[in-house]
Amino acid sequence: MKGPDVMWYLAVAAFLFCTGALGVLIRRSPLIVLLSLEIMLNGANLALIAFSRHHGQGDGQIFALTVMAVAASEVVVGLGLIVAIARRRLDLDVDKLSTLRG
Amino acid sequence: MIAAAWICLLTPLGAALLITLAGNRLSRRGAGYLATLSVAVSFVAAVVTFAALLGDSPEHRSHPSTLWSWLTAGPLDFGLRILVDPLSVMMMLVVSGVGMLIVAYSIGYMDGDDEERRYFAYMAIFVFSMLLLVQGGNLLMLLVGWGLVGLSSYLLIGFWHQRPSAVAAAKKAFVMNAIGDATMALSLFLIIQRTGTLNFEAVFAQADSIGGPWAMNLIALGLLGGAVAKSAQLPLHTWLPDAMEGPTPVSALIHAATMVTAGVYLIVRTAPLFEQAPRVLELAAGLGAITLVLAGLIALVQTDIKRVIAYSTMSQIGYMFLAAGLGAYANAMFHLMTHAFFKALLFMAAGLVIHALAGEQDIRKMGGLRSLMPFTFAGFLIGSLSLAGIPPFSGFFSKDAILASALDHGWYGQLLWVAGMAGAFLTGLYAFRLLFVVFWGEPSPFVREHLMTGSHAHAPEGHLSHDGHATHEHAGEGPFSMTSTVGVLMVLAAIGGFLQFAGVWTPLSDWLEPVARPLVEASGTQEAVSSVLAVLLGLAGIGIAWLLYGARSSEVPRVPWAQRLFERKFYFDELYDAAFYRPAVFLAKALERWIERPLVFGSVRELSQGVRWLGLDTSRLQTGLVRTYAFAIAASLAVVTVVFVAVR
Amino acid sequence: MILASAANVLVWTVWVVAAFACLGTGIAVISFTNPFYSALSLIGNLASLAVLYLLLSAEFVAAAQVLVYAGAVMVMFLFVIAYLGGRADAPWAGGPSWQALGAVAASAALFVEVIVVIGLKTSGRLAHQAEIDSSFGRPYEIGRLFLTDHLLAFEITSIVLLVAAVGGVILGSHSREAPMTEAEQ
């Protein structure tokens, strides 16, 4: 089955990654930041799968699955943090959560 | 004989160590006995050495002995070396003999002082140091002894360290001596450079080939500098009167009998070197003559009993320098010996007076002690007569020998002879001024209060009087330790002169001949004329003193400018203060203000400030905002990627 | 051959649709004010990614993506968003600030760089795709690789999951509840 070259997939992956990065940099709500983070991870995953197909080996897919598992764990912890912050009646705004300033 | 010499040297050191280590376990009296015993053993050992040396024939009376090699560097080798020869044995006898008497005297004088043990330890160290100086077999040992006596002097002058004047005097003495030490060290460097050794025999054997006039003059000048400093001759003399802050036995031993005569010993010992630089020798004689007259003049107006005797010491050492400078070495040593006797006697008698008057030293408060302290008066009288050079006392023989030999040195010697004669007149005058003021006439009110109300208990208990020693009860004029030793010295001062009578009976000169051959020899007529004149001038001085102070039949002439000049000690202290002290202080202050504070402090402060600012600035990066950090990461990632791509 | 070219056209069409869906939903996620909408956009993103995976013959991964990511993770997200309410910020409001401009620039730069780098440096090597057999991407293959070549990664991943679970429990426990005021912050 012919189709787009791996290059095209890589372009999509790069765009996804940069979009996610933009979201992390711009948004102030930690929830949205987490979502953007997920987008970045998915972009990486896409690149991995594309290369796996290109080389004909399954290692890239294994890596992608692992990334997915780790991303899930990270979301758990991140959401836990956000819920804890919200429970203390703090503003969900990363600019205001800056007590670690030096 | 060698063993005896080593015992003589090391016993006082051992005593000092014992006293130090025993600390409180040794009683104060015990420390005094131990110190006296050690110096007595030293004296006995010196006598044994002397007797053994007598057994040798005159040409073979030089015995070096090295304990071990101390400093070695390439071809240079300096050992712990002593030399037993006529000159060193003579000095050993004088130092240990007079030292023994004075340390015994101190048992009574320092009785009751809280720090008696420290005193006796210091005295023992001093005796050891002085013996090392005179027994040293090479110039290095001599220098070591030199420095150690300077140290002991410092420690003992400042013995009553709670008194700021004592501490200042100790520092002054040490600093001035240090100048002498420095010039001596430079001489030693020159000698080492040119001969590669410091052993006496080796250096003297090559004395005429060490170098040209310049080198020899420099070496001799350096040695002379040390001698001048140690013997308190002009221009390094201002420390001696201040050194009277120490206890009286210290003044007797160190600043009269032994340490200050070390300069004379040095010149006599290194005579072969000095003879290669005759101008320097003449300079030494000239300095001695000037000091002789100046010190005599200053002594005329002093009011502290010890200071008068101190200036008298300065003056008499001037005589010794005069003799040594003209080459009459044996005469200089003879005067050194007799001077040790009568000067120690004078100081110790003065100590008896001070002790009886609860520490008072101002002679204006004294008077009429003759009837109250006859023994002391006798001692003082014998000492003063000896000092003034009146026969048959010891000073007559030694001083006259010096004066006579001056006539044998051409016009320069004759000039110095005139100075010596003037000195004889002054000596009689100031010595008997002191005697009459203190002992003659009616007892003064002060004396009445202290000595005639039956007991000493009227002096306030426990307070630190003039020389810091406590008062206490005893029968007679002083404790036995003090009176007995003064008695011995009286005998020595009276008969010591019979050891040598110039032209007729010269055992001393013969004894010292192999070591120090004299350069001048007075003829019979010169001797006779000089002696008669000297005695007449001395008697004239005594007579005038009697008129002014004894019978009080004439007024002391009022010459205000002279009075002030003498009282200010010819303004030497002021001169040195302006020439050395003030510029040094100014320099130090300027350096502190302009260099140390801005550069050193400033740089440290600037450094710490800089680091703090850097830290503060850097901490501004820690904004605490996650977005900033993320942005930083993204931006750096972009940059780094470009860099990697470009480089690859 | 027509069948081959028709298949090609089909693949390309699917690819284009999925790719643009991906990109569009991606931008949507970071643009919406309402976090709920953002989360839903992300679900769409994940779905389009699954399609792309299928096009790359990674069937198992596509299935896992839908099941795990879209099905579990996003559901968790939606729970939390529902719990917290719709408070979120408006990203493009108030005009472009320096920070926003800088962020856009940085991301754009990254994107361009990646494309350029891939284009410049890997010209020859990315030309030929490898041939694959029918077992590529099958669960059997994945399982075999997990349990032989990449066993360590497998095990460590399980530990990571455990740690995350414990962390989640701790963070969510009630014991440390104490409302902090603005001042204490």
Side-chain angles (χ1 to χ4, degrees), chain A residues 1-7 9-12 14-16 18-19 21-23 25-29 31-32 35-36 38-39 42 46 49-50 52-56 58-59 61-62 64-66 68-77 79-84 86-90 92-93 99, chain C residues 7-8 11-12 15 19 22-23 26-27 29-30 35 38-39 42 45 49 52-53 55-58 61 64 68-69 73 76 80-81 84 87-89 91 100 103-104 107 110-111 114-115 118 126 129-132 137 141-142 145-146 150 153 157 160-161 164 167-168 171-172 177 179-180 185:
Chain A
M1 181 168 61
K2 284 284 181 97
D5 270 346
V6 71
M7 286 285 303
Y9 290 99
L10 291 182
V12 174
F15 190 90
L16 273 180
C18 295
T19 309
L22 188 63
L25 290 174
I26 288 199
R27 301 299 302 250
R28 293 213 312 266
S29 165
L31 277 171
I32 312 295
L35 287 174
S36 314
E38 293 305 310
I39 298 181
N42 277 299
L46 180 59
I49 305 288
S52 154
R53 172 67 183 86
H54 177 73
H55 291 300
D59 296 331
Q61 297 178 7
I62 304 293
L65 284 171
T66 313
M68 249 188 263
V70 170
S73 332
E74 172 219 333
V75 164
V76 163
V77 175
L79 288 176
L81 269 174
I82 293 176
V83 166
R87 229 196 261 142
R88 284 182 196 236
R89 316 266 193 277
L90 294 170
L92 282 180
D93 183 339
T99 33
Chain C
N8 211 7
V11 166
W12 266 105
W15 185 90
C22 227
L23 304 180
I27 295 176
V29 165
I30 69 170
S38 292
L42 187 59
N45 197 27
L49 271 175
L52 284 175
Y53 292 163
L55 284 175
L56 286 168
S57 311
V61 180
V68 169
Y69 236 130
V73 172
M76 226 182 2
V80 172
I81 291 173
L84 291 180
R87 354 176 212 171
D89 58 313
V104 171
S107 331
L110 266 176
F111 179 62
V114 171
I115 300 296
I118 296 176
L126 289 181
Q129 251 185 2
E131 289 298 323
I132 50 167
E141 196 60 30
I142 305 288
L145 281 173
F146 256 133
H150 304 288
T157 311
V160 169
L161 285 167
L171 283 171
E177 175 159 359
M180 259 170 67
Q185 200 182 95

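Per chain, numbering begins at 1; letters A, B, ... match sequence-line order. Being a predicted model, the structure only gives us computed values, none of them experimental.
Contact check for C/Leu84 versus A/Leu31: side-chain heavy atoms found under the 4.5 Å cut-off. A 4.5 Å side-chain heavy-atom check between A/Phe15 and C/Ile115 finds every atom pair outside the cut-off. Residues A/Met68 and C/Val61 have side chains in contact (heavy-atom distance under 4.5 Å, counting atoms from C-beta outward). For the pair A/Leu25 and C/Val104, the minimum side-chain heavy-atom distance is 4.5 Å or more. In this structure the side chain of C/Ile30 never reaches within 4.5 angstrom of the side chain of A/Ile32, judged on heavy atoms.
Of all non-hydrogen atoms in C/Gly26 and A/Ile39, the two that sit nearest each other are O-CD1, 4.0 Å. Contact between A/Val12 and C/Ala19 at its shortest, heavy atoms only, is CG2-CB, 4.0 Å. Among all heavy-atom pairs drawn from C/Val160 and A/Ser73, the shortest one is CG1-OG, 3.7 Å. For the residue pair A/Ile26 and C/Ala103, the shortest heavy atom distance occurs at CG1-CB, 4.0 Å. Scanning all heavy atoms of the two residues, the minimum distance from A/Leu81 to C/Leu171 falls at N-CD1, 3.7 Å. Of all the heavy atoms in C/Cys22 and A/Leu16, the pair that sits closest is SG-CD1, 3.8 Å.
Most heavy-atom pairs under 4.5 Å with chain C, from the set A/Gly80, A/Ala64, A/Ala72: that is A/Gly80. Interface check for chain C: of the options A/Val83, A/Leu65, A/Ile82, A/Val70, the most heavy-atom pairs under 4.5 Å are formed by A/Leu65. With chain C as the partner, the residue from A/Leu10, A/Thr19, A/Ile62 showing the most heavy-atom pairs under 4.5 Å is A/Ile62. Ranked by heavy-atom pairs shorter than 4.5 Å toward chain A, the options C/Leu145, C/Asn45, C/Val114 are led by C/Leu145.
Taking the side chain to side chain donor-acceptor pair (under 3.5 Å) definition, one finds that C/Tyr69 meets it with A/Glu38, sequence neighbours left out. Remark: A/Asp59 pairs with no residue by the salt bridge (Lys or Arg N to Asp or Glu O under 4.0 Å) rule, at least two apart or across chains.
For chain A, the nearby parts of C/Leu110 are the backbone and the side chain; heavy atoms of each come within less than 4.5 Å. Heavy atoms closer than 4.5 Å to chain A are found in the side chain of C/Thr157, but not in its backbone. Residue contact with chain A, scored on non-hydrogen atoms closer than 4.5 Å, involves the backbone and the side chain of C/Ile27 alike.
Rounding to the nearest 0.5 angstrom, the gap separating the CG atom in A/Asn42 from the OH atom in C/Tyr53 is 5.5 Å.
A side chain to side chain contact (heavy atoms under 4.5 Å, CB included) with C/Leu56 is found for one member of A/Gln61, A/Arg53, A/His54 and no other, namely A/Arg53.
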